[in-house]
Amino acid sequence: MLTPAVSIVAASVVHGPQVFPTAHGVFSALAAGVPAPPVDLPPISPKLLRLMSPSAARVYQALPLTLASGAIPPTQAAQAACYLAVGSSGASLPDLTALLAGSLDDQGAFSLAAFAERGLSSAHPLLAFALMNNFTLCHAAIAAGLTGESSAYFARGSDALWAVSRAVQSIVDADTVLALTGGADAATHPVTLAELARLDLAAAVTPTDAAALLLLAPLGSLPPPSIALSWPLLLPCDADLDSPVAGLLPHLARLRARAPASALAAVFAQLAAPPTAVLLTAALPACAQRLLAALATQAPGIPCHVLSHAGETLAAGPALALVAACDFLAQHTPLASPASVLVLSLGLDGPLGAVVLSRTP
Amino acid sequence: MSATPIYIHAVGAVTPLGGTWQATVPGLLAGRSAIAPITTFDVRGFPCTVGAVVPDSELPPLPQTLPPDRRLRLFLPALAEALAALPAPLPLGPRLGVFLGAESGRASLSVVCQLVQLAGGGTDFDHRQFGVNAAHFARQQPQQALLVSSAAVAQHVAVLHHATGPVQTFSLACASSAAAIIEAVRALRLGLCDVAITGGVGADVDPLMLAGFGKLSALSLRGESCPFDIRRDGFVLGEGAAALILSRTPPPRLPQQPSVAILGVGRSLDAYHLTAPDPEGHGAERAMRQALSDAGLSHVDYVQAHGTSTPLNDVVEASVLGRVFCDTRQTMALRPLPWVSSFKGALGHPIAAAGAIGVLCAHEALRTQILPPTAGLSQPDPRCDLPHITGHSMQAPIRTALVNAFAFGGANCSLVLSRC
């Protein structure tokens, strides 16, 4: 059942140029395009920044904000587990540019011999690590001194909820009393952009770099009115599994044809009570429209908000929506009343994700 | 009390020593090394010019319906070997999960460079123009630009085997597949699925990674992988894949065919340094102790070590193994330290596949009671004073084994296996 499982201690978001040290303002920004007030971030030294992939830099910025907004001292943070959904990593554009410049032959064509002779020397020593996905997590975890269990889950959308699910499990099983979770991705990286372009998605989505983090604790460990998070539910669409197809993401070829109604009915069967509202994040406007149509049949009368200003943030998308739901509960529902938000995410990678956030006065 | 055992029903692998696990084992036991000069691309000028590559002749062609992704080409035959060893077909649908360790596939270096050129080649990134240029470029090269998703392998496996249960990809560098197996164990214990396809694949013998690791001085300049040896000076890149079929249910008991189960798992993060292990090994020690505790054990008979042949890793791991099992030795007189070996002298370091291949080595040793040696190890470093297995395989009555996989970035994974 989509019932409360853990409490949310804190959340923060770095979304494109916008920074949200807490959940405050995230819903308005993602649903209505209301810009975040400017926030000064502690700068990352150029030397360190050069060693990071773009998504690693965003987690590096967001993680201390999350710990600070939860008033978590370093000794407690050291024990926290960390489960993060990450996308493809990648070297920074200036690094790739330098590497390219050194790897061209006399005719201006790429040459492996030139790469070995000159391009290689222009690459920074941690190039290999910038290319590995877990370094999205490592830079920040090392800086914050997190020594608990950690894991990077590769995701392109709603699969990011596996990271949230593992974090919930670690709290419910009492393996830890604090678990960081969320997602980070850099959808504007050249290779990701090329993927989107090839799949004719470049015009349909707005690739955006983002990191969204939540800090979880055992249910009941915070004074009311706290916000609780349910176990995430991930429902694959059987229609996606007809046969293998060529391409990066087997599910993607059938994305436009997906009918989420049966998955949505399964989600509502897991609800203890109708939600106050539904927040929806979907990879493509067409997907959002189909989900909205299915919702109108499944749950008529329940307000539904599409996070249409979130852009395509891939692995960060579901966690962004969860933080937006925290903000919605805190800012847009009467604090004296119980309220709950059903967060639905339908990403490029297949399943329909569902999580319920609820607040008890 | 130990946690629920998870049984290994079947295994398969593709390694530089053989196109199947069955073909790999004799080479491993003989102490052979597959490390050789790289001939798949021009390595002149690279800091390290050797690797452990799976010959193309060992790999069946991929079906036309699949993209030409090297990771799929390595993993699918490994999985096919495991499936062929199963006495019954896999369940279909939501009770079958897929948990694989993989890093990104690699767009070729020339493709990456062309993409950068399309973006203007500078720091002013014109996304709109890039979108137009990249789409045209990518369509001209229908697959190359797309082989970058870590999830592609797990998703294809899920589609091919109609797995609609949990499908997860773990990108944790050298600990990726160990983490995948650990999460498969947890999912099976939780009842999220009945059967899990797990393991991992590494396909990183390419110019970018050879350059990247070479720039970091992590690769052997001598061109030799010799874990725990005093001459070691870095690791050698390898590639390969390993697949396991796991279930909560024990396999049918057959004469002379003991089964093997995963009894305990443990994970931690060093939070120390991006590229160097914590010199005290606190994180690695936590992972090992957690796995032992999860298994309800304080000692094992054999360790398949991470043993990468880097100066730092091996001495830290040896020191931690001494601490973890020395405690036991003091309280339980006459218990010797476990036998230790590492496959990386034979197969190089297959990065995301390393943990899963380590588990297969331990599985084989528990099943057959024959322990593989550490190829390349002839002069043990006194700071790595352990009961190493050198030269050739040895026979020993073992019941339990520990497998370690430690990643750049400080992620540590340990698993405890037992003969049942």
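From a predicted model like this one, the values you see are computed outputs, not experimental measurements. Chain A is the first sequence line, chain B the second, and so forth, proteins listed ahead of strands; every chain is numbered from 1.
- Heavy atoms of R267(B) lying under 4.5 Å from chain A belong to its backbone as well as its side chain.
- Using a 4.5 Å cut-off between heavy atoms, V167(B) touches chain A through its backbone atoms (N, CA, C, O) alone.
- Residues L269(B) and E149(A) are not in side-chain contact: their nearest non-hydrogen atoms beyond the backbone lie 4.5 Å or more apart.
- One distance of note links CD of Q169(A) with CZ of R186(B); it measures 6.5 Å at 0.5 Å rounding.
- With a 4.5 Å cut-off on non-hydrogen atoms, P166(B) touches chain A through its backbone and its side chain both.
- Only the backbone of D270(B) has a heavy atom closer than 4.5 Å to any heavy atom of chain A.
- Neither the backbone nor the side chain of L210(B) comes within contact range of chain A; no heavy atom of the residue lies under 4.5 Å from a heavy atom of that chain.
- The line from OG1 of T169(B) to OH of Y153(A) is 11.5 Å long, rounded to the nearest 0.5 Å.
- Counting heavy atoms from C-beta on, the side chains of R286(B) and T147(A) come closer than 4.5 Å.
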(Q) Pair F41(B), F115(A) - check ring-ring contact (aromatic ring centres under 6.0 Å, His included), show working. (A) CA-CA 12 Å; F41(B) 56 93; F115(A) 170 71; 9.3 Å; no
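- Considering every non-hydrogen atom in both G145(A) and A271(B), the closest pair reads C-CB, 3.8 Å.
- No side-chain heavy atom of I142(A) sits under 4.5 Å from any side-chain heavy atom of Y272(B).
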Q | Intermediate values then yes/no, ring-ring contact (aromatic ring centres under 6.0 Å, His included), F154(A) and F170(B) | A | CA-CA 6 Å; F154(A) 184 85; F170(B) 298 85; over 10 Å; no
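- For the pair D159(A)/Q168(B), no side-chain contact is recorded, criterion being any heavy-atom separation below 4.5 Å from C-beta on.
- Per-residue counts of heavy-atom pairs under 4.5 Å with chain A were compared for A352(B), A411(B), G409(B); the largest is that of G409(B).
- H282(B) does not touch chain A: none of its heavy atoms, backbone or side chain, sits under 4.5 Å away.
- Annotation: side chain of F99(B) is not in contact with side chain of W162(A) (no heavy-atom distance under 4.5 Å).
- Using a 4.5 Å heavy-atom cut-off against chain A, the contacting residues of residues 173-185 of chain B are A173(B), E183(B).
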